[in-house]
Structure formats: C-alpha cells, structure tokens
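Below: one structure, written as structure tokens.
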Amino acid sequence: MRPGEGIALTVFVAFGVTTAIIRFRWPEKFEGLRRVPPPDPAHARQFAALRDEDYDLVLRGGAQVNYLKATWPLATLLVSRGQIELRVYSVEPIRIVRAEVTGLWWVRYPFGRGLRFHTASGRLDKVTVWPPGNAGEQLAELGWH
C-alpha cells in the first residue's frame, strides 16, 4: 500500500459503517423521502383530476419534502380554487384539497419566504414551498389564506 491509501480506506470504511448504523437506527429519516402520507379518505374523494391547463395559477419555485430539497425550477405549485398539486422533481405529486387545509403559514428563511400548509392531520408538516415573491397575493385571490 502506498502512503495515504490506508488512511483513505479507513475513512471510507468508517463512513460506510456510520451510514449503515444511522440507516438502521433512524429509518424514519431515510424511508419515504419521496412520499407524503395520503390524505384522509373523505378529502381524497374531493380531489378532481385536472389537466395542467385547468389550474388557475402555476407557480415555479423550490420545495422541501421531508428531507429532500429541490431548488428553482424543480418544484411546481399548480393552484385552483378547490385544490393544489405540488410537483417536485423525483417526488410523487402531492395533492392538497382546500377542505383539508386549515391555514397557510409563511415562514421566514435567510434566503426567502417559505409556504407551509397547516392541516388538522399534520400530514404536510414536512412540506415547505418557496414560491415567487407575489405568490401570497395570488393565492389569496383564489381563496387560499
């Protein structure tokens, strides 16, 4: 072995073992990164399958779903008066019915404002969207407060 190869190999093996232990001990952090729990069956029946052109508003921005982050333009928020669909690159589409949402939370981050959907079930607690600057006004016009 050449000088330095042993150290590199040791670091690589230590990193692999640490990753395996973390994955075994904390599976909730690594399972379901690309998935959000489904809505309550009563709300799921209210969701209508709309084509892209049937939505009233299309916003491109960034998003964080669970621990997976996507920057602009990899997240699209499709908004109508009764429902929202969030499409994030490499994540299952997230469908949100107006009746399910009890309020919108605007969260301040150092790099901008994030939008969170508050629901009684808490299923969207790990979903944050970073829409363009005037999105709050546009969402309010469609009845999303």
Side-chain angles (χ1 to χ4, degrees), residues 4 7-145:
I7 293 172
L9 182 60
T10 303
V11 168
F12 182 73
V13 169
F15 179 73
V17 169
T18 303
T19 303
I21 290 171
I22 289 173
R23 285 187 70 120
F24 177 73
R25 297 287 304 249
W26 297 319
E28 68 275 2
K29 286 195 173 199
F30 297 98
E31 293 176 8
L33 288 179
R34 298 175 178 4
R35 189 172 302 134
V36 171
D40 182 32
H43 297 303
R45 285 190 294 269
Q46 296 175 5
F47 191 79
L50 297 178
R51 298 174 308 192
D52 291 356
E53 55 269 7
D54 293 336
Y55 285 97
D56 299 319
L57 179 63
V58 177
L59 300 169
R60 285 203 176 270
Q64 177 177 344
V65 178
N66 295 334
Y67 298 97
L68 183 71
K69 296 179 182 172
T71 59
W72 181 92
L74 299 177
T76 305
L77 195 66
L78 303 162
V79 185
S80 71
R81 291 196 181 277
Q83 64 192 30
I84 287 181
E85 184 172 346
L86 174 62
R87 295 180 187 163
V88 180
Y89 177 74
S90 78
V91 176
E92 289 181 9
I94 300 168
R95 295 177 175 89
I96 306 164
V97 179
R98 177 66 188 106
E100 179 184 16
V101 176
T102 58
L104 300 180
W105 288 348
W106 289 96
V107 184
R108 283 256 177 232
Y109 290 99
F111 48 84
R113 266 181 11 163
L115 171 64
R116 289 186 153 184
F117 299 95
H118 184 260
T119 61
S121 66
R123 80 176 188 101
L124 301 173
D125 286 349
K126 294 182 180 179
V127 176
T128 305
V129 181
W130 293 286
N134 61 348
E137 297 167 5
Q138 294 174 322
L139 289 169
E141 288 175 8
L142 293 173
W144 292 85
H145 303 282

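Scope of the values below: all heavy atoms of this structure, side chains included, with no hydrogens, waters or symmetry mates. Residue numbers count from 1 along this sequence.
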Item to check | Closest non-hydrogen atom pair between A75 and G62, with its separation | outcome: CB-C, 3.7 Å
Item to check | Non-neighbouring partners of D52 that pass side-chain hydrogen bond (donor to acceptor under 3.5 Å, both in side chains), sequence neighbours left out | outcome: R87
Next on the checklist: Using a 6.0 Å cut-off, check whether atom CZ of F15 has over 12 heavy atoms from anything other than its own residue.
Outcome noted: no
Next on the checklist: Can you tell me how far apart CZ (R98) and OG (S80) are? Round to the nearest 0.5 Å.
Outcome noted: 11.0 Å
Item to check | side chain to side chain contact (heavy atoms under 4.5 Å, CB included) involving R108 - partner list, sequence neighbours excluded | outcome: R113
Next on the checklist: For a 4.5 angstrom cut-off between non-hydrogen side-chain atoms, does V65 reach K126?
Outcome noted: no
Checklist outcome for this item: Rounding to 0.5 Å, atoms OG (S90) and CG (L68) come to a distance of 5.0 Å
Item to check | side chain to side chain contact (heavy atoms under 4.5 Å, CB included) between I84 and L77, worked out | outcome: CA-CA 7 Å; I84 287 181; L77 195 66; 3.4 Å; yes
Checklist entry - Would you say T102's side chain and H118's backbone share a donor-acceptor pair under 3.5 angstrom? => result yes
Checklist entry - Under 6.0 Å between ring centres, would you say that holds for W105 and F117? => result no
Checklist entry - Side-chain contact, heavy-atom cut-off 4.5 Å: I94 with L124? => result yes
Checklist entry - What's the spacing between D56 CG and Q138 CD if we round to 0.5 Å? => result 11.5 Å
Item to check | Donor-acceptor contact present, side-chain R95 to main-chain P38, <3.5 Å | outcome: no
Checklist entry - Closest approach of P39 and R123, non-hydrogen atoms and distance? => result CA-NE, 3.6 Å
Next on the checklist: With side chain to side chain contact (heavy atoms under 4.5 Å, CB included) as the criterion, how do Y55 and V79 come out once you've worked through the C-alpha distance, each side chain's angles and the decisive distance to 0.1 Å?
Outcome noted: CA-CA 6 Å; Y55 285 97; V79 185; 5.6 Å; no
Checklist entry - When T128 is tested against each of Q64, K69, R116 for side chain to side chain donor-acceptor pair (under 3.5 Å), which residue passes? => result R116
Item to check | Minimum heavy-atom distance G136-W106, with the two atoms named | outcome: CA-CZ2, 3.6 Å
Item to check | P132 side chain reached by R60 side chain, heavy atoms, under 4.5 Å | outcome: no
Next on the checklist: With rounding to the nearest 0.5 angstrom, report the OG1 to CD1 distance, T119 to I96.
Outcome noted: 9.0 Å
Next on the checklist: Tell me which one of V36, L59, L78, V129 satisfies side chain to side chain contact (heavy atoms under 4.5 Å, CB included) with L86.
Outcome noted: V129
Checklist entry - Under the side chain to side chain contact (heavy atoms under 4.5 Å, CB included) test, which residues partner V97, sequence neighbours left out? => result Q46, F47, A99
Checklist entry - Please walk me through it: do W144 and R81 pass side chain to side chain contact (heavy atoms under 4.5 Å, CB included)? => result CA-CA 8 Å; W144 292 85; R81 291 196 181 277; 5.6 Å; no
